[in-house]
Structure formats: C-alpha cells, structure tokens
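All ligand and atom numbering here is 1-based and tracks the order in the structure. The first residue of the sequence shown is numbered 1, and numbering continues consecutively from there. Remember, it's a predicted structure, so these values are computed and weren't measured experimentally.
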Amino acid sequence: MKHHQDKKNVIAKCMFFIMIICKVNCSPPEDPIKCTLNNSNCTITNTYGAFPDRSLCRAAKVVYPKTEEELISAVANATMTNTRMKVATRSSHSIPKLVCPEGDNGLLISTKYLNRTLDVNVSSMTMTVESGMTLRQLINDAAKAKLALPYAPYWWGLTIGGMMGTGAHGSSLWGLGSQVHDYVIRLRIVTPATAEEGYAKVRTLEIGNPELDAAKVSLGVLGVISQVTLKLQPLFKRSVTYITKNDSDFGDEAVIFGRQHEYADFTWYPSQKQVVYRIDDRVPSNTSGNGLLDFPGFRSTASVLLSGLRTTEETEELLGDADGKCRNGKWTTSILKTMAYGLTNDGILFTGFPVVGYHNRLQASGTCLDSLEDLTITACPWDHRVKSLFFHQTTFSISLSQVKNFIEDVQKLVALEPKSTCGLDLYNGILMRYITASTAYLGIQENALDFDITYYRSKDPTNPRLYEDILEEIEQIAMFKYGALPHWGKNRNVAFDGAIKKYKNASEFLKVKNQYDPQGLFSSSWTDQILGLNGAVVSIDKEGCALEGLCVCSQDIHCAPKKNYFCRPGKVYRDARVCTKVDAK
Ligand SMILES: Cc1cc2nc3c(=O)[nH]c(=O)nc-3n(C[C@H](O)[C@H](O)[C@H](O)COP(=O)(O)OP(=O)(O)OC[C@H]3O[C@@H](n4cnc5c(N)ncnc54)[C@H](O)[C@@H]3O)c2cc1C
Ligand SMILES: *[C@@H]1O[C@H](CO)[C@@H](O)[C@H](O)[C@H]1NC(C)=O
Ligand SMILES: *[C@@H]1O[C@H](CO)[C@@H](O)[C@H](O)[C@H]1NC(C)=O
Ligand SMILES: *[C@@H]1O[C@H](CO)[C@@H](O)[C@H](O)[C@H]1NC(C)=O
Ligand SMILES: *[C@@H]1O[C@H](CO)[C@@H](O)[C@H](O)[C@H]1NC(C)=O
Ligand SMILES: *[C@@H]1O[C@H](CO)[C@@H](O)[C@H](O)[C@H]1NC(C)=O
Ligand SMILES: *[C@@H]1O[C@H](CO)[C@@H](O)[C@H](O)[C@H]1NC(C)=O
Ligand SMILES: *[C@@H]1O[C@H](CO)[C@@H](O)[C@H](O)[C@H]1NC(C)=O
Ligand SMILES: *[C@@H]1O[C@H](CO)[C@@H](O)[C@H](O)[C@H]1NC(C)=O
C-alpha cells in the first residue's frame, strides 16, 4: 500500500513537469453558450461547468451583436416583447449564477464580438474600448501606445464588462486602488426604454455623475455596458522580489506591508506557517530588465497531468489521507518557488530576483488562452471538458482594521487542527490582495485585504470534504464575525447571505436600477436574492445543503449524518455552525 502510494506520488510529480507552453496543440476555453438550433434553444454555464447549485441555465436565444447599433436593436426587441435578458461574455468566469436569465425563455446577449479598441488618446492618456474586450487585449493595446492600466486582475481572460460587473481587482492600496472600475471615467450603457423612446436607449455616464457609481459595479442588472473609457498612465517598469517568511507576526505585517510596496500581495500557507511576500514597486524606466510573468496556474497544462492531479486528490479525499495532502501541498509549494511563480528575467530564463520589467509584461498572464483545438493534449487547469481541477472558491475582503484578528483566528484553528489547511496548498495557498474603498455603490466600503481561498469540490454534491468543518468555519468567521464583503464573481451562496446590508449606498444602487430597468428585465431570482429584494433569501434549505455552501447548517440533515458529518458549533467561533466529522465510537 505504502509502496503503491509512493509510486503514484512520483508519477504525479513527474507529470507536473510536463507543462507545455502552448505553441501548437492546445485548447482555448470554449464558448459557455451552447445552442441546438440556430442560436436558439440554448444553455449557458460558467468556465468551471458548474454553478454553486449545479443547475444548468437555459435561454431561448442568443444574439452576438457586432456594433452598438445591433446591441440597441437586441435590447429594444427584448424590451418590446417583455423578454428577460442577461449579458454573457466570451468565457463566463463568474462562479455565481449572475449570467442566467430568469426562466427558460430569456435572451442572452453575448459581448464576444464587441472587442475592439475604439480610441486611444495619448495626450489625455485615455482609452475607449468595447465591453467584450479581454484584459489581455486591453493591456496590449494600451502598451502599443506606451500606456498602462495601473492595476488589474492577474488573469488575462476576463472582459472589461465582466470585471465591472463584479468589481474585479489586482492588489494595491496606492492611487485609486486596485479595482479596474475605479479607472473608468466614462461609459455607455444600453438600457430598456419606453415605446416612445424606441424601447432601448444609450446612456452616457461621465465621471461626476452619481449614476456612474451604480454602473461601475452593476452585477449586470442595469443594462448592457457598450463602451468604456479608462484613464491610463504612461507605461512604466516594476521590480518584483518574492521572499518567504514564517507567519508568526503575519497579523501585524498584513496591515502595514501594503503601505510599503505599491504592488504588495501575499500567498499564505497556514499549514506550513509560511507566507510569501511580494515586494513589488515601480522603478525608473532606465532600470535594465525585460522580465515576464507566465503564471504556472494559468498555463496550458498537459491533460494527462490534470487528470493525474485530480485522481490523486480524489484518492486522498476518499482515504481521508490528510498526510498525503500535506506532502503534496508542500511539494506543490516548492515547485512553484522553484519556478519563481512563473517569472523570468528576460522572457526565457529565471536567473534571480529582482525581476525587472515593463508593467504590461508583469501584471497579468494566461497563456492557456492560446489556441488550436486539441483537448486531449492540453487545457487550462480548470477546463471542465477534461478531467481537471474542480474546486470551490471562497473570496472575501476584510477591512484592514479587522485583518489582524481574522488572521489570528485562522491561526488558532490551524493550531487545533494542523493538517486541516494542507489542501489549500495544492491550489497555491491563500492569495491575499489589497483593495481600497470605492465610490461604487456596490464596491469596497473600506480599505481591505481580499482573501482568495480555493479548495477541493467533490463531483458528488453529497460527499463531505476532508476537514469540511474548518473551511466552513473560516468562511463564517469572515462573513459573519468580521463582516467581510464577498467577491461578487466568486463564492458559494452562504457568502452572499445578508451581504447587501454591508453596503452603505445599496439603496442608491436600487434607485438607479429602478430608473434604468423598471421591469427588471435584466434581473433574475438570483440577483433579487443577493440584492435582498422582495424578502428573497440566498440560502437553499435541503438535504446536504451545507456541504456545497448553499446554506449554513442548522440541522444534521444539512450535513451528511449517514457519513458521520453532523451540524456542530465552530471550534474558535462558537456562533459558526459547521459540518463536523464525529468519529463513531
Ligand atoms: C482563472 C480566473 C482568474 C481570476 N482572477 C481574478 C483576479 O485576479 N481578480 C479578480 O477580482 N477576479 C478574478 N477572477 C474572477 C473574475 O473577476 C470574475 O469572475 C469576472 O468578473 C468575470 O469576468 P467575465 O468577463 O468572465 O464576466 P462574466 O462572468 O461572464 O460576467 C460577470 C457579470 O458581469 C455582467 N456583464 C458582463 N459584461 C457586461 C456588460 N458588457 N454589460 C453589463 N454587464 C455585463 C454579466 O452579466 C455578469 O453578471 C478570476 C476568475 C477566473 C476564472
Ligand atoms: C438558421 O439561420 C439561417 C441564416 O440566418 C436561416 O436562413 C435559417 O432559416 C435558420 N434556420 C432555422 C431553423 O431557424
Ligand atoms: C432543446 O435543447 C434540449 C437540450 O438542451 C434538447 O433536449 C431539445 O431536444 C432541444 N429542442 C429542440 C427543438 O431542438
Ligand atoms: C429585432 O427585431 C427585428 C424585427 O423583428 C429583426 O429584424 C432584428 O433582426 C432583431 N434584432 C436583433 C438584434 O435581434
Ligand atoms: C474579437 O473576437 C473575435 C471572436 O473571438 C476574434 O475572431 C477577433 O480576432 C477579436 N478581435 C480582436 C481585435 O481581437
Ligand atoms: C485627446 O484629448 C485631449 C485632451 O482631452 C483633447 O484636447 C484632444 O482633442 C483629444 N484628441 C483626440 C484625437 O481626440
Ligand atoms: C519567525 O521568524 C522570526 C524572524 O523573522 C523569528 O524571530 C521567529 O523565531 C520565527 N518563529 C518561528 C516560530 O519560527
Ligand atoms: C537613469 O536615469 C537617471 C536620470 O534620469 C540617472 O540619474 C540614472 O543614473 C540612470 N540609471 C541608469 C541605470 O541608467
Ligand atoms: C454614499 O455613502 C456615503 C457615505 O455614507 C455618503 O457620504 C454619500 O453621500 C452616499 N452617496 C449617495 C449618492 O448617497
């Protein structure tokens, strides 16, 4: 048995090295929309192939407008016929069901072909793009004009409309902070309108207009953003160094580090009591270096490796092999470190820190977007068309004034159950990024640290996870004890429970929504639930609901009593209710 397992680990380890930088045989992410007839009788899912409740969403029709005129006509047609609509993007990266129109008869409006740069003005340092443009295109087109979006998410595949839909961000406390929407100075949004107005109209929102504070983070419920104008900066260079430290004083460090370095972030491995600090600042543009980021987790990865990694994880779960997870977790961490987290000094080789290079080559990456169709060879690591990584993501921001307490609570839990967070290390630990208070009504309310926690999700929703209780407790400590704000594009349902009450200006948002779309054609039960409308609640009460984060358990049946998982109070936060394994006597 022991021998067998060692051998399997060796195989998994070897496979990890077969990562192929995509040149020929790779598969780009698929269009999340599938139709049986000519763009009708359609289904939509997200990039992971599963929403939190595992439903498949349906729509009667999809349209792919190529111009703003076609977009207006699509919204007008749907408004005239009282049809529910939703905006969909080329790859639908959000986990919650934001993209699902209500019912089966809705319309999907895809921004896939709204992906042009319309204007770059070097003297005013502004750039106007269509909303379906990916972050990669945006970064590249800006760089061609020697301009830069100063802060952005780390993954190239997101679209500008999607990033604004959910408040996507990178990491910084400097300037206006790391959320893309805070660099938007003008946008055009197509909303329903009266018959006299032709059933649809374009509204142009400029900076200073309070309606822009609604549209900047809109959850897609206000209408279709057509064009966005961003305020950019002259392209600059950065210098990046990663250092690893123990997490003894991390609660204190986490509060101050973001003031010391413009692009500071952390990767925390609580089970290993280690933190990787990213020391990352602007440097003069004559500093030599042409560094490049190609993050391993966003590379085209051999399908055989993905399947091997998943099988290893499934086996560890099945056998309750926490030690195996800890071993593989440490090993994954050390591989990433050896690979310098995907950094090279010149685009080819890593020779040592600091890595100096232009911002557009260091801010984000995603070579698994590059293409030619052959799934049997490589894919993005989470591509659901092959056997690959399948996980939950719990992602929230905690105000800087509370961060120390939160970190110490997690450390207390880990002290009680030292192996409980090894599983996170397989997904590169907890990524922590700085974000700042925004004027967006549904944006960040106070300067905060965002925690990105990725962990195993079973293919079978009735299967509890190893140390189910610990991650549920961390989730509840964040959301309920420290009033964390959920990332709108990630998370399980519980994170949205009562979340809208945490936004001071939520009522302003709802006023704009009523004004733009009084019939709620862009809304759905899900968006009504997260916006707290009509007394709707997010929680789904059913057998096993807590296992998938659809509810907080209040009865054993919400867990898996037949598999010895019962609803119990938390270990550090007694108000938490979590599915705990109670060993039979
Ligand atoms: C691999 C990966 C890496 C990620 N990295 C980060 C990261 O570094 N930082 C971060 O913050 N997040 C990150 N995310 C999460 C991501 O930010 C959100 O899921 C993102 O907003 C989704 O973008 P999308 O373009 O796929 O939009 P979708 O998920 O398709 O759409 C999101 C919402 O926006 C609406 N919408 C989209 N376009 C428009 C439009 N033109 N007009 C009106 N509404 C619109 C949609 O209707 C929907 O409600 C990551 C996700 C993945 C899968
Ligand atoms: C499909 O679309 C084509 C071209 O738009 C059209 O000619 C054809 O009639 C459509 N078929 C159906 C079944 O709707
Ligand atoms: C519509 O799609 C469903 C599957 O999504 C399929 O079962 C059904 O046959 C389709 N209907 C038509 C008319 O094609
Ligand atoms: C809107 O409806 C008109 C008339 O039915 C049709 O010609 C047009 O193609 C429709 N536009 C879109 C984008 O669906
Ligand atoms: C826009 O998207 C389409 C469809 O994916 C693609 O063919 C085209 O090359 C893209 N345009 C630009 C400017 O990238
Ligand atoms: C660029 O912006 C400047 C300043 O706002 C403006 O005066 C100029 O007309 C713009 N140039 C173009 C080509 O639009
Ligand atoms: C953590 O590192 C500090 C020095 O950076 C050291 O003083 C301390 O003893 C270390 N703690 C542990 C538990 O190793
Ligand atoms: C960069 O330029 C500054 C002046 O702008 C100069 O003082 C410095 O020596 C230069 N550094 C290098 C590495 O060339
Ligand atoms: C939003 O909230 C802030 C703080 O409560 C308040 O000062 C501001 O006036 C609000 N904005 C609007 C438009 O209500």
Side-chain angles (χ1 to χ4, degrees), residues 28-29 31-33 44 46-48 64-66 71 85-101 108-117 119-126 128-138 140-141 151-171 178-181 187-191 215 217-228 265 295 297-298 363-366 368-369 371 380-383 391 393 395 397 431 433 435 450 452 454 487-491 522-524 526-527 530:
D31 193 316
I33 304 168
I44 181 159
N46 58 20
T47 188
Y48 306 104
Y64 291 92
K66 291 194 167 72
L71 180 57
M85 323 166 232
K86 277 289 176 193
V87 190
T89 62
R90 61 176 52 236
S91 39
S92 196
H93 286 105
S94 295
I95 296 173
K97 287 171 66 172
L98 288 169
V99 78
C100 302
L108 289 169
I109 301 174
S110 171
T111 59
K112 185 173 181 176
Y113 296 101
L114 291 172
N115 59 348
R116 289 170 301 175
T117 292
D119 181 57
V120 181
N121 185 327
V122 176
S123 65
S124 64
M125 289 192 283
T126 57
T128 301
V129 302
E130 290 180 319
S131 67
M133 167 168 289
T134 59
L135 180 57
R136 164 152 72 171
Q137 268 175 281
L138 192 118
N140 287 346
D141 285 3
Y151 311 101
Y154 295 178
W155 159 243
W156 276 344
L158 308 176
T159 66
I160 178 75
M163 290 189 285
M164 292 178 65
T166 65
H169 59 86
S171 186
S178 62
Q179 297 164 94
V180 173
H181 57 78
L187 62 77
R188 288 167 69 82
I189 182 168
V190 181
T191 66
V217 180
S218 72
L219 311 182
V221 300
L222 299 182
V224 193
I225 296 169
S226 162
Q227 299 174 9
V228 178
D265 74 18
F295 180 63
F298 297 159
Q363 176 62 35
S365 70
C368 72
L369 286 175
S371 55
C380 289
W382 58 90
D383 194 313
F391 43 79
Q393 265 185 336
T395 305
S397 54
L431 175 61
R433 293 184 284 187
I435 40 184
D450 168 272
D452 235 303
T454 306
H487 189 307
W488 294 115
K490 303 188 181 183
N491 283 300
F522 282 93
S523 294
S524 63
W526 170 250
T527 60
I530 54 178

S.K.: When only distance counts, is Asn121 in polar contact with ligand 6, meaning an N/O pair under 3.5 Å?
M.R.: yes
S.K.: Does the N or O separation between Ser131 and ligand 1 drop below 3.5 Å for any pair?
M.R.: yes
S.K.: May I ask you to list the atoms of ligand 6 that are less than 4.0 angstrom from any heavy atom of Ser123?
M.R.: 1 (C), 2 (O), 3 (C)
S.K.: Is any N or O atom of His169, backbone or side chain, closer than 3.5 Å to an N or O atom of ligand 1?
M.R.: yes
S.K.: Ligand 5: which residues have a non-hydrogen atom closer than 4.0 Å?
M.R.: Arg90, Lys112, Tyr113, Asn115, Gln137
S.K.: Within the structure, does Thr166 bring an N/O atom to less than 3.5 angstrom of an N/O atom in ligand 1?
M.R.: yes
S.K.: What I want to know is whether Ile225 and ligand 1 share at least one N or O pair that is separated by under 3.5 angstrom.
M.R.: yes
S.K.: As an exercise, identify every atom of ligand 1 less than 4.0 angstrom from a heavy atom of Leu219.
M.R.: 49 (O)
S.K.: When you compare ligand 1 with Ser91, is there at least one nitrogen or oxygen pair between them that comes in under 3.5 angstrom?
M.R.: no
S.K.: Got an N/O contact under 3.5 Å between His487 and ligand 1?
M.R.: yes
S.K.: Below 3.5 angstrom, do we get any N/O pair linking Trp155 and ligand 1?
M.R.: no
S.K.: N/O to N/O below 3.5 Å, does that happen between Thr47 and ligand 1?
M.R.: no
S.K.: Give yes or no for whether the N/O distance cutoff of 3.5 Å, strictly under, is met between Tyr154 and ligand 1.
M.R.: yes
